[in-house]
Colleague: 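Handing you a structure now.
Numbers restart at 1 for each chain; the letters A, B, ... are given by sequence-line order, proteins then strands. Only heavy atoms go into these numbers, but all of them, side chains included; no hydrogens, no water, no symmetry mates.
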There are 2 protein chains.
Amino acid sequence: MESVFEIIAEPNRRAILSLLVSSQQSVGEIERQLRMPQPTVSKHLRVLREAGFVESTVDAQRRLYRLRPAPFQEVDAWLAQFRRFWSVHVDALERHLDRMDQSPPTKRKTKEKTTRPKPRT
Amino acid sequence: MESVFEIIAEPNRRAILSLLVSSQQSVGEIERQLRMPQPTVSKHLRVLREAGFVESTVDAQRRLYRLRPAPFQEVDAWLAQFRRFWSVHVDALERHLDRMDQSPPTKRKTKEKTTRPKPRT
DNA sequence: AGAGCATATACGTGTCAAGGTATATTTAGG
DNA sequence: CCTAAATATACCTTGACACGTATATGCTCT
């Protein structure tokens with residue numbers, strides 16, 4: 001479990017993180033809202049804490065967990081290198097659609113076959 | 001392998017994606033630059049293609065792979081919910097540091113113990 | 001048609017992480 | 001002190017996936 005990307009690859013962990021955006025929560029509150037068994041919640045919280053995504057404060061028998069910003073910034077930093085690229089592509093798509101508005105579709109000789117990704121369900 | 005997050009959890013795949021930022025590349029070029037065995041490259045490219053991260057065009061025996069924007073936007077969209085939160089925290093940190101500049105550190109009664117994340121190597 | 005290059009796929013193997021169940025630990029309150 | 005509540009941890013099992021090796025497919029050129 002070395003990278004922040006592996007941490008957020010787990011759906012339950014992402015759910016926990018999303019839950020903590022609104023405010024800090026105790027383990028029991030997370031357990032109830034997400035309908036997961038308590039050990040599961042505790043184990044994921046441990047992973048999240050060791051990765052720096054959350055921190056906890058003690059309140060009697062409860063532990064209140066809240067978000068920490070650093071790892072998110074790390075993900076954002078990685079994403080940054082692609083951001084320039086994808087906004088360019090959105091622009092290109094818009095220009096393409098503009099052109100389609102004006103002229104009817106032309107038969108293109110398709111010497112190149114483009115392999116499309118699988119449609120995602 | 002259902003989510004985009006699982007796709008980018010794999011370090012070799014992230015390396016391939018970063019490589020494709022500069023320009024499209026053939027399998028062989030990726031293989032040489034990243035020093036990984038050819039089947040490994042092909043298998044990762046397959047995963048990336050089915051997830052919509054890349055598309056390929058045929059050029060004789062070569063296949064040229066290039067990035068597609070959609071999945072990155074999906075990651076960005078997920079990250080968005082935390083972005084507001086973390087910029088707030090950066091601001092708070094800055095204000096905190098400003099205050100430390102002016103006044104010497106005051107002994108605070110630490111009724112709450114905050115569990116810090118493990119230092120990352 | 002045959003050889004050789006580029007890429008994809010099949011198959012067997014090992015590792016690691018997530019889940020479930022049970023139990024330990026800590027704390028409040030009577 | 002003893003009990004109950006809240007949370008953490010231990011142990012086991014299972015499944016997924018990444019890797020290596022071998023082989024198949026496809027294309028070009030002579």
Side-chain angles (χ1 to χ4, degrees), chain A residues 1-17 19-20 24-51 53-66 110-118, chain B residues 1-17 19-20 24-51 53-66 110-118:
Chain A
M1 195 85 57
E2 39 180 23
S3 81
V4 294
F5 300 96
E6 296 173 58
I7 307 289
I8 63 175
E10 218 292 321
N12 291 321
R13 283 198 286 266
R14 288 200 305 280
I16 292 176
L17 292 176
L19 204 61
L20 292 178
Q24 59 177 4
Q25 311 267 342
S26 73
V27 177
E29 288 167 334
I30 298 172
E31 175 191 351
R32 282 183 288 277
Q33 296 180 64
L34 298 183
R35 304 262 173 74
M36 14 175 133
Q38 177 267 319
T40 300
V41 176
S42 280
K43 277 184 280 189
H44 283 310
L45 282 172
R46 179 171 150 93
V47 172
L48 289 170
R49 176 160 33 83
E50 290 179 347
F53 280 87
V54 303
E55 64 185 9
S56 69
T57 57
V58 175
D59 165 54
Q61 311 113 328
R62 312 238 163 107
R63 316 266 165 122
L64 298 178
Y65 283 84
R66 83 182 61 94
T110 147
K111 199 62 181 221
E112 293 204 337
K113 188 163 68 179
T114 294
T115 306
R116 282 284 156 184
K118 264 193 184 165
Chain B
M1 196 84 59
E2 38 181 24
S3 80
V4 296
F5 300 95
E6 296 172 57
I7 307 290
I8 64 175
E10 218 291 322
N12 291 321
R13 283 197 286 268
R14 288 201 306 280
I16 292 175
L17 291 176
L19 204 61
L20 292 178
Q24 59 178 3
Q25 310 266 343
S26 73
V27 177
E29 288 167 334
I30 297 172
E31 176 191 351
R32 281 183 288 278
Q33 296 180 64
L34 298 183
R35 305 263 172 74
M36 14 175 133
Q38 177 266 319
T40 300
V41 175
S42 281
K43 277 184 281 189
H44 283 311
L45 283 171
R46 181 171 149 91
V47 172
L48 289 170
R49 176 158 35 82
E50 290 179 347
F53 280 87
V54 302
E55 64 185 8
S56 69
T57 57
V58 176
D59 165 51
Q61 310 114 326
R62 312 237 162 105
R63 317 266 164 124
L64 298 178
Y65 283 86
R66 84 182 63 91
T110 146
K111 200 63 181 219
E112 296 205 337
K113 187 163 68 178
T114 295
T115 307
R116 282 285 157 182
K118 266 192 183 166

Colleague: For residues Q24(B) and E29(B), report the shortest heavy-atom separation together with the two atoms involved.
Modeller: O-OE1, 4.5 Å
Colleague: For residues L20(B) and Y65(B), report the shortest heavy-atom separation together with the two atoms involved.
Modeller: CD2-O, 3.4 Å
Colleague: Would you please test E50(B) and M1(B) for side chain to side chain contact (heavy atoms under 4.5 Å, CB included) and show each step?
Modeller: CA-CA 10 Å; E50(B) 290 179 347; M1(B) 196 84 59; over 6 Å; no
Colleague: Measure from CD on Q61(B) to P on dA3(C) and round the result to the nearest Å.
Modeller: 17 Å
Colleague: Within the pair R62(B) and dA6(C), is there a side-chain N or O less than 4.0 Å away from OP1 or OP2?
Modeller: yes
Colleague: Specify the closest pair of heavy atoms between I8(B) and R14(B), including all atoms of both residues, with the distance to one decimal.
Modeller: O-NH1, 2.8 Å
Colleague: Is there a side-chain contact between V41(B) and L45(B) (heavy atoms, below 4.5 Å)?
Modeller: yes
Colleague: I need the minimum non-hydrogen distance between S3(A) and A9(B), along with the two atoms involved.
Modeller: OG-O, 4.4 Å
Colleague: Are S26(A) and D59(A) side-chain neighbours, meaning at least one heavy-atom pair lies under 4.5 Å?
Modeller: no
Colleague: In whole angstroms, how far is the C1' atom of dT26(C) from the CZ atom of R63(A)?
Modeller: 7 Å
Colleague: Got L19(A) and I30(A) here, is their nearest side-chain heavy-atom distance under 4.5 Å?
Modeller: yes
Colleague: Find the distance R46(A):CZ to dA24(C):C1' and express it as a whole number of Å.
Modeller: 14 Å
Colleague: Nucleotide range of DNA chain D contacted by chain B, 5' to 3', under 4.0 Å to a heavy atom?
Modeller: dC17(D) to dT28(D)
Colleague: Are I16(B) and L48(B) packed together at the side-chain level, in the sense that at least one heavy-atom pair is separated by less than 4.5 angstrom?
Modeller: yes
Colleague: Which ones in residues 26-33 of chain A lie close to DNA chain C, meaning a heavy atom under 4.0 Å from one of its atoms?
Modeller: none
Colleague: To the nearest 0.5 Å, tell me how far E6(A) CD sits from E6(B) CD.
Modeller: 11.5 Å
Colleague: Could you run down nucleotides 16-21 of chain C 5' to 3' and tag each one B, S or - for protein heavy-atom contact under 4.0 Å?
Modeller: -SSBBB
